[in-house]
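Report on one structure; see the data block that follows.
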Amino acid sequence: MSTEEKEIVETEEKVEETKEEPSLEEQIEKLKEELAQATNNYYKAYADADNLKKRLQQEAEMTRKYRIQSFALEILPVIDNLERALNQPTTDESFKKGVEMIYQQLIHALKNEGVEEVDALNKPFDANFHHAIMQEKVEGVESNMVVEVLQKGYVLKDRILRAALVKVSE
């Protein structure tokens, strides 16, 4: 092969190499796109991690806030029975005093944890806090007023533990 032919072949090879290799500007654009995609993925991952952190903190806070709920639900029937015992006539005043002390200690312990009795008697009926199981026409009382509490209701902070069972005026 002559030198001219060699030069032609070399020139053709160089042209082919330049066709295969993108220009510097194309490489820069491609790298910029990859950087933008990587930055976008980073921000998405950061936002996901931050949202997860916030959700876990909120769940932990809710768990702390309502940690006594299951215990309170189990102890409410005990309180009901103590109230029934206190309403029974008895000649043994020391026994009644002991039951009353136990009742007061339980009520105090529950109040310290945020459990409060729903105030229902002589209040307007509220389906969020009361469960009407009877209606009765009562003279001198407005319609839809609670006239008797058959079972006390309780709330834990801002959550209903048990609705009060009530009798409502017609």
Going by the rule side chain to side chain donor-acceptor pair (under 3.5 Å), which residues pair with [X] if we only count those two or more places apart in sequence or in a different chain?
X	answer
Ser70	none
Arg84	Asn81
Glu61	none
Asn40	none

> Is the CD atom of Gln88 crowded by more than 12 outside heavy atoms at less than 6.0 Å?
Replying inline: yes
>> Tell me whether Gln57 at atom CD has more than 12 heavy atoms from other residues, nucleotides or ligands lying less than 6.0 Å away.
In response: yes
To the closest 0.5 Å, what do you measure between [atom1] ([X]) and [atom2] ([Y])?
X	Y	atom1	atom2	value
Ile28	Leu35	CD1	CG	12.5 Å
Glu26	Leu31	CD	CG	12.0 Å
Gln104	Leu82	CD	CG	10.5 Å
Glu170	Lys137	CD	NZ	6.5 Å
Tyr43	Asp48	OH	CG	15.0 Å

>> Restricting to salt bridge (charged side-chain N to carboxylate O under 4.0 Å, His left out), what partner residues turn up for Lys54, sequence neighbours left out?
In response: Asp50
> Residues in salt bridge (charged side-chain N to carboxylate O under 4.0 Å, His left out) with Glu136, at least two apart?
Replying inline: Lys167
Which residues pass the side chain to side chain contact (heavy atoms under 4.5 Å, CB included) test with [X], not counting sequence neighbours?
X	value
Ala163	His131
Arg159	Met62, Tyr66, Gln69
Val118	Phe129, His130, Val155
Asp92	Thr90, Ser94, Phe95

Measure the shortest side-chain to side-chain distance between [X] and [Y] over non-hydrogen atoms and say whether it is less than 4.5 angstrom.
X	Y	value
Ile79	Tyr154	yes
Leu156	Ile68	yes
Lys53	Leu56	no

Going hydrophobic residue to hydrophobic residue with side-chain gaps under 4.5 angstrom, can you get from [X] over to [Y]?
X	Y	answer
Phe71	Val78	yes
Met145	Ile133	no
Ile102	Val115	yes
Leu161	Leu106	yes
Ile107	Leu76	yes

>> Determine whether Asn41 and Gln37 satisfy the following criterion, side-chain hydrogen bond (donor to acceptor under 3.5 Å, both in side chains), listing intermediate values before the conclusion.
In response: CA-CA 6 Å; Asn41 290 342; Gln37 184 65 35; 3.3 Å; yes
> Which pairs, with at least one residue in residues 105-134 and sequence neighbours excluded, count as a salt bridge (charged side-chain N to carboxylate O under 4.0 Å, His left out)?
Replying inline: Arg67-Glu113, Glu117-Lys152, Asp119-Lys123
>> Taking salt bridge (charged side-chain N to carboxylate O under 4.0 Å, His left out) as the cut-off, I'd like each qualifying pair that reaches into residues 28-38, sequence neighbours left out, listed once.
In response: none
> Which atom names give the shortest non-hydrogen contact between Ala120 and Ala164, and what distance separates them?
Replying inline: CB-CB, 4.4 Å
>> side chain to side chain contact (heavy atoms under 4.5 Å, CB included) for Met134 and Glu148? Distances and angles first, verdict last.
In response: CA-CA 9 Å; Met134 295 171 62; Glu148 186 179 346; over 6 Å; no
